[in-house]
*Asks:* 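First the structure, which I've put down as structure tokens, then a few questions once you've had a look.
Just so it is clear, the model here is predicted, and its values are computed rather than measured.
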Amino acid sequence: MLRHFAFRSLCVLLCAALLAAALPAGAQEEKRSNSDWIYVLLGAGGIIYLLTHHARTQPREPSPSPSASPVTLEPPSPAPHETPDMYGHENYTCKKSLRDGAFEAIQGPYQDDPVFQNKPDQLRREDGSKISYYGELDMIANRPSTLTGVDAYVKDGRLTKIGSRNAIFMTGSTNCRDAELVRMRFWLYEGGTKRRIYDSPAQLLQLFGPTSHSGKTVSWKMMASTIVGQPEGKPFVFTRPGDFYEIEAELIDEHDHSLGFTMWLNGHVTQTAGPLTQLQPVVLSVTRAPSSFEDKSKVLSDYAGVLRADMYDNISDIFPLAPKGFPMPRIGDPLDLTNANILDSSWTDAFKADVFVNRRHNDNFSAALADRLGATAMMQGVARTIALLTEKDMDMLNGADIAGRTLTTKVIVVRGAEPWTTPAHELAHSLPQYIWSSANMLSDCELDYHNHSGQISYGLQLTHKNIVTAPERHQGYPEDLMGDPASSSWNGQCTYAHLIDGLRNTVDPAVLLVRFGMAREPRGVRAKLLPSYDAHGGLTPDDTYGRYSVVALNAAGRMLSRKRFDPPWIDENGKPHAVIAMQEHLPDSRAIASIEVLGPGGVLDASSMSKTPPSVTIDAATVVKNRLAVRWHGRGERGRTLLYSLLVSPDGGQTYRERLFEQQGNTANLKLYEKPPLIVKVIVTDGSHSAQAQAAVK
């Protein structure tokens, strides 16, 4: 302050001296020169400026910025064409928005399959202000799952193509100036719990700070690569079967703070279980060589051992099952039917009316085989029996061009030395309780691809032989399992969706297993009811269509239950058959008085039910000199013939092997294949109801 005052005083004195120099030196001097007037002006002007202007006591304060810095004496000059930020200006806070985004969860085939875009299941965009999708393809509990991008979705019945299969994305607009690292974080909600499943790699996005200097709104896009799914090599699982799930994707900054931008996926989790399957070597043909059965049965048994391991290792990879979700198949003792009289043609005059006697004989024989193995499958507690036949026997029954055939929903026949994909193909035919083939594919999928080559399998395979491995991407090839099955087959979305319905884990209720044969003849269709059994099994909804039906009536003739159907005269391979075996499940009830098979012209066959179920008791079961001796007795209503079947378990009742089927005698003396301890089971039927008894053999 004092320095400023001294400086001003010195300037005033200097200006005064200049002014004095310009004044006249004496009274005699009358005129001034031009230089005198210059001194007058300088001196007078300087004194006036110094007296009227005050010195600053502090330097100018700089304009504030978002990150307030200490006061500086000299503010920096603004850069060219740059507007300095201003406190309190309405454009200081930038604006940003989320416009669109898409992702899905898969466990094999894509939800938005490029082949089956309309049926059976889709990825749907839900209505509302938030970005949300519904996956109609159910997720399987405990099956490895991954996140992937979306190629297309359906909304309001219209397909919208977005073409982002290889990346999950979020996109929007922003007028912000600053870019910082941002990630997508994914949360799984199920059963009231929240679990983080994946964080995408960080990406710089311009979503922060003040408004950009230009103020212009531009687009932003966040991407996460999903060529082989995410998290890559570390799939997650759904753990709550029977419940709904939600997956949330949110944008977070580098400090784990949410930016308020989210998108959602929701759907349903279900539980599936593979059918307990038995591989049954069966020898049908008669030869002169005494050792033919032994030789053939050994070849078939060796093949069964290889097939057993291959089916267990591979089916869970491509079926909608958790790893190891397909039970290890059982192997039954070789069945010798070379001299067995399983052919009962007394109820049909096929041999008299059909000029193609040999083909009719084969149809009758295959129907009888299907009926027998279907009944014993129920007795053994297995869901499916796969009969393994020699080349000659398969040719006899089905022709030289057939590798496998689904005789009924319980019985499959397969040619020896076929790869595991052949029985897997036939298993898919047999699920859930009807033979699913070309007509069903057209109805369910709008495409018949049965036995047709074509690249229709898209998705990611996450396991190999039940083990999580590096994901394998399928873009149309290999063939669908139901197309032209080979060792490299996989499943397209329609086959996969069908199998979900067929493999849902449900409690088997009490049912009445109704067995009957049907034959097409010049005079029309005939039917013959065979012995029924009380069992537990799956019930399918009563069909509302079908010209034929099986009905259960009470004593007053009132219908208690009805199962409609159309006889499958044409098999899944397109071959016609004149004789077929049928097995249907009806709700079991002691109120049932009779069973009828009905056709368009009326009753084809009928059978009355016993009022008192039969019973059986095992009197003795012993091992003598490597042979199993069993004796039993049964009781039933007067006038009813009792038929007995005998089964043996070498593993404490977990599995049973057929040794006798529907015999009238009450004793057995059999060669012993298993070492004690054993469990022997005898099942009796009176033609309408059944009962069973067990005994331990030490």
Side-chain angles (χ1 to χ4, degrees), residues 106-123 136-138 140 152 154 159 272 274-275 315 318-321 384 398 401-414 421-459 474-486 488-504 538 540-541 543-546 564-577 580:
I106 67 169
Q107 297 177 321
Y110 294 120
Q111 293 268 0
D112 56 327
D113 190 274
V115 176
F116 307 104
Q117 293 181 338
N118 296 320
K119 291 186 176 185
D121 295 291
Q122 303 164 322
L123 182 69
E136 293 185 332
L137 199 66
D138 284 355
I140 308 304
V154 173
L159 185 69
T272 56
I315 286 181
I318 66 173
F319 275 37
L321 295 165
R384 301 290 184 274
N398 303 290
D401 57 337
I402 300 300
R405 180 182 160 205
T406 303
L407 301 183
T408 70
T409 57
K410 285 285 189 181
V411 181
I412 293 164
V413 292
V414 171
T421 49
T422 297
H425 171 107
E426 300 301 330
L427 282 172
H429 274 311
S430 73
L431 294 166
Q433 294 293 335
Y434 57 88
I435 298 179
W436 188 75
S437 193
S438 294
N440 311 102
M441 290 177 182
L442 284 172
S443 175
D444 296 344
C445 320
E446 297 183 344
L447 177 67
D448 176 15
Y449 52 95
H450 179 237
N451 287 346
H452 296 168
S453 297
Q455 298 183 11
I456 63 171
S457 301
Y458 291 80
H474 298 300
Q475 292 294 100
Y477 179 81
E479 302 286 351
D480 184 273
L481 182 72
M482 302 308 294
D484 187 11
S488 58
S489 291
W490 203 56
N491 271 340
Q493 191 217 42
C494 192
T495 301
Y496 190 87
H498 164 72
L499 288 170
I500 290 178
D501 292 335
L503 296 171
R504 294 185 196 276
T540 56
D543 295 331
T544 57
Y545 59 90
R564 296 180 182 272
F565 66 93
D566 281 316
W569 303 115
I570 308 297
D571 67 22
E572 78 276 10
N573 297 308
K575 290 186 176 295
H577 298 276
I580 58 174

*Asks:* For the atom pair CG (Leu137) and OH (Tyr110), what is the distance rounded to the nearest 0.5 Å?
*Replies:* 13.5 Å

*Asks:* Is there side-chain contact between Arg405 and Ile412, with heavy atoms separated by less than 4.5 Å?
*Replies:*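 They are not in contact (no side-chain heavy atoms under 4.5 Å apart), so the answer is no.
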
*Asks:* Do Asp480 and Ser489 have side chains that approach each other closer than 4.5 Å (heavy atoms only, starting at C-beta)?
*Replies:* no

*Asks:* Roughly how far apart are His450 NE2 and Cys445 SG, rounded to 0.5 Å?
*Replies:* 12.5 Å

*Asks:* Looking only at heavy atoms, which two atoms of Gln475 and Gln455 are closest? And how far apart?
*Replies:*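 Where Gln475 meets Gln455 most closely, the heavy atoms are O-OE1, 4.2 Å.
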
*Asks:* Looking just at side-chain N and O atoms, do His577 and Asp571 make a donor-acceptor pair shorter than 3.5 Å?
*Replies:*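 His577 vs Asp571: donor-acceptor pair found between side chains.
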
*Asks:* Please round to the nearest 0.5 Å and tell me the distance separating atom OG1 of Thr409 and atom CG of Leu427.
*Replies:*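 Result: 11.5 Å between the selected atoms.
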
*Asks:* Closest approach of Gln107 and Ile140, non-hydrogen atoms and distance?
*Replies:* OE1-N, 2.7 Å

*Asks:* Are Thr406 and Glu426 close enough that a side-chain donor and a side-chain acceptor fall under 3.5 Å?
*Replies:*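 Checked: Thr406/Glu426 side chains pair up, N/O donor to acceptor below 3.5 Å.
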
*Asks:* Out of curiosity, His498 NE2 to Met441 CE, how far, rounded to the nearest 0.5 Å?
*Replies:*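 Those atoms lie 8.0 Å apart.
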
*Asks:* Counting C-beta onward and ignoring hydrogens, is there a side-chain heavy-atom pair between Leu442 and Leu447 closer than 4.5 Å?
*Replies:*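 Heavy-atom side-chain distance check fails, nothing below 4.5 Å.
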
*Asks:* Distance alone, cut at 3.5 Å: any donor-acceptor contact between the side chains of Thr495 and Tyr449?
*Replies:* yes

*Asks:* Flag the pair Val154 / Leu123 as yes when at least one side-chain heavy-atom distance between them is below 4.5 Å, and no otherwise.
*Replies:* no

*Asks:* Can His429 and Ser437 be said to form a side-chain contact (heavy atoms from CB on, under 4.5 Å), step by step?
*Replies:* CA-CA 6 Å; His429 274 311; Ser437 193; 3.6 Å; yes

*Asks:* Can you tell me how far apart CG (Asp138) and OH (Tyr496) are? Round to the nearest 0.5 Å.
*Replies:*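 That separation rounds to 9.5 Å.
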
*Asks:* Could you tell me whether the side chain of Asp121 reaches within less than 4.5 Å of the side chain of Phe116, counting heavy atoms only?
*Replies:* no

*Asks:* Of all heavy-atom pairs between Gln111 and Glu136, which one has the smallest distance, and what is that distance?
*Replies:* OE1-N, 3.4 Å

*Asks:* For the side chain of Glu479 and the backbone of Gly454, is there at least one donor-acceptor N/O pair under 3.5 Å apart?
*Replies:*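 Between the backbone of Gly454 and the side chain of Glu479 there is a qualifying donor-acceptor contact (under 3.5 Å).
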
*Asks:* Set out, in order, the CA-CA distance, both residues' side-chain angles and the distance that settles side-chain contact (heavy atoms from CB on, under 4.5 Å) for Phe319 and Asn491, then state yes or no.
*Replies:* CA-CA 7 Å; Phe319 275 37; Asn491 271 340; 4.0 Å; yes

*Asks:* Where the side chain of Asp113 meets the backbone of Ser457, is there a donor-acceptor pair that is under 3.5 Å apart?
*Replies:*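 Not confirmed, Asp113 side chain does not pair with Ser457 backbone.
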
*Asks:* Between Asn451 and His425, is there a side-chain heavy-atom distance shorter than 4.5 Å?
*Replies:* yes

*Asks:* Dump the intermediate steps for side-chain contact (heavy atoms from CB on, under 4.5 Å) on Val411 and Arg384, then the final yes or no.
*Replies:* CA-CA 6 Å; Val411 181; Arg384 301 290 184 274; over 6 Å; no

*Asks:* Identify the two heavy atoms, one from Ala403 and one from Thr422, that lie closest to each other, and give their separation to 0.1 Å.
*Replies:*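 Distance-wise, the nearest heavy atoms are O-CG2, 3.9 Å.
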
*Asks:* Ile402 vs Lys575, test: side-chain contact (heavy atoms from CB on, under 4.5 Å). Steps then yes/no.
*Replies:* CA-CA 10 Å; Ile402 300 300; Lys575 290 186 176 295; 3.5 Å; yes

*Asks:* I need the minimum non-hydrogen distance between Arg504 and Ile500, along with the two atoms involved.
*Replies:*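 Scanning both residues completely, I find the closest heavy atoms to be CG-O, 3.1 Å.
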
*Asks:* What are the two closest non-hydrogen atoms of Pro568 and Ile580, and how far apart are they?
*Replies:*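 The answer is CD-CD1, 3.6 Å.
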
*Asks:* Tell me whether the rings of Trp490 and His474 are parallel (<30°), tilted (30 to 60°) or perpendicular (>60°).
*Replies:* tilted

*Asks:* What distance separates Asn440 CG from Glu572 CD, expressed to the nearest 0.5 Å?
*Replies:* 11.5 Å

